[in-house]
There are 2 protein chains.
Amino acid sequence: MAKLDFSPIADTTRRAEIVALLRRAILTGQLEPGQKLNELRISEQMRVSRAPLREAMRELVQEGILTSIPYAGTFVIDVTAKDIDDAYSLNKVLDEFAIERTWPLRDQRFFDEIDRRHAAVKQATRELDTTRQIETALQLHGLIHEWADNSVLLETWQRLASRLQMYFALHQRARNEPVPAEDAHETYVQLLQGSDMRAAQRHAKEHIDLDFEELLAYARGLEERGSKGAGADRSGRPEGG
Amino acid sequence: MAKLDFSPIADTTRRAEIVALLRRAILTGQLEPGQKLNELRISEQMRVSRAPLREAMRELVQEGILTSIPYAGTFVIDVTAKDIDDAYSLNKVLDEFAIERTWPLRDQRFFDEIDRRHAAVKQATRELDTTRQIETALQLHGLIHEWADNSVLLETWQRLASRLQMYFALHQRARNEPVPAEDAHETYVQLLQGSDMRAAQRHAKEHIDLDFEELLAYARGLEERGSKGAGADRSGRPEGG
DNA sequence: CACAAGCAGATTGTCGACAATCTAACAAGA
DNA sequence: TCTTGTTAGATTGTCGACAATCTGCTTGTG
């Protein structure tokens, strides 16, 4: 009998679709940091009741991209330079661990998959689809976490990747400039397919540091501008759109 | 003007209380792995409607200790030996990172706090309160993650700690035997207060490996037993008024 | 006996309405 | 002017009921 890998049935609940819609809106920057999510308005726009919408929002709160204050509202998380710094420094540690665990598990399927994802990044870059470029780049980087055969690591990475996607998207929206060169990940891919694990780990750190510097610059700009109202002070209430 | 640090007002929503109740029930093992959570029954027992209960369950799903299948139900996560292995290997990495970041930030308040938490563990041990012992031990270990000044790391640790607490609780319930010696964490505490960071990191790994071996043995037993009737324990509870 | 179709009960998903709470504007008094 | 009390409006939190879906049993047929 042929071995067929059926993909899971699509989630057929409104809640799941709402989660996907909201997440996309947040991660692409359509919903800005600090912005309040009005339940009534969103539920009317989506033509659903508030119940599944609220459940979806609870999920995204736990996912770390929304924050909720009882009787006040649910808001898109604020992005500070420190948040970005924290996320990146942890990401380095996770990358190093993921490479170490993935290394002995690499096989032909791994090499094929990394090429496939790399190609996806390059295509998105050629098409100047910045949103998709960020998405595919993160999927490329996520491969080592998927391959490491550690469910907790994968889960952790996915949470982190959400934030990184948001940070990059905000960065891109802020400075509406062309994206990095097409071969930005060339060395990374080659090292992952090579035989020097330490070199791959080292490059992962350095490679990340590059984009990181740009992001930090953006974040610092954010904080200077935001110094009038919102900020580290959690009591600050962001005004709705 | 005197500088008073008011603690945040307690969450006064039913949802928050339900989350706390359910989490406690799961982490102490009162709700067993694989068990199904019947919304109607629980909502009646808690005297709340299903809406806040469902929202609470959504949070716990994202927190990783419940799992949901649309139109089928929400279940306490299953615990496999691999899950425990995964959690622990990642925990080692996080510990090493946390110690590195915490190290230069240690001050008198840190030393006081570590003593305080250590004392709490010892007291729980003396009182033979195993549940509280697990809780306090995890809080002791959590200090380096709280002190590392990295919100993403802390968040990650807290998710991990939830699972660890659940694993330990299950382990304790399975073998109803006395808890480890009172001075189990003595060396750990001393090293964190000392001056050799590498030694502290090394010990964190080894110290963890100890409990880990016991947990793995427990988990392997679980899987052998679970092979015949894994999953929902349909214990028909006597419907008391 | 094996097996597919269909029905009944239970459970989850969703809806619309009501209650609790917060915010902002305004008036009264020192 | 500043503070305090009050009120109206808007928004979030919660409830009870209905719709959609799943599960297990029964029934009929070969």
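What you see is a predicted model, and the numbers here were worked out from it, not measured in a lab.
Not counting sequence neighbours, A:T28 has no partner by the side-chain hydrogen bond (donor to acceptor under 3.5 Å, both in side chains) test.
Here the side chains of A:L60 and A:R23 are in contact, with some heavy-atom distance below 4.5 Å.
The distance from the CD1 atom of B:I26 to the CG atom of B:L21 is 11.0 Å, given to the nearest 0.5 Å. Taking CG of B:L53 as the reference point, atom CZ of B:R58 lies at 9.0 Å (rounded to 0.5 Å).
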Could you run through nucleotides 10-17 of chain D and give me one letter per nucleotide, 5' to 3': B if any protein heavy atom sits under 4.0 Å from the base, S if only the sugar-phosphate is that close, - if neither? -SBBBB-B
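Using modelled atom types, one finds a donor on one side chain and an acceptor on the other under 3.5 Å when comparing B:D95 with B:H145.
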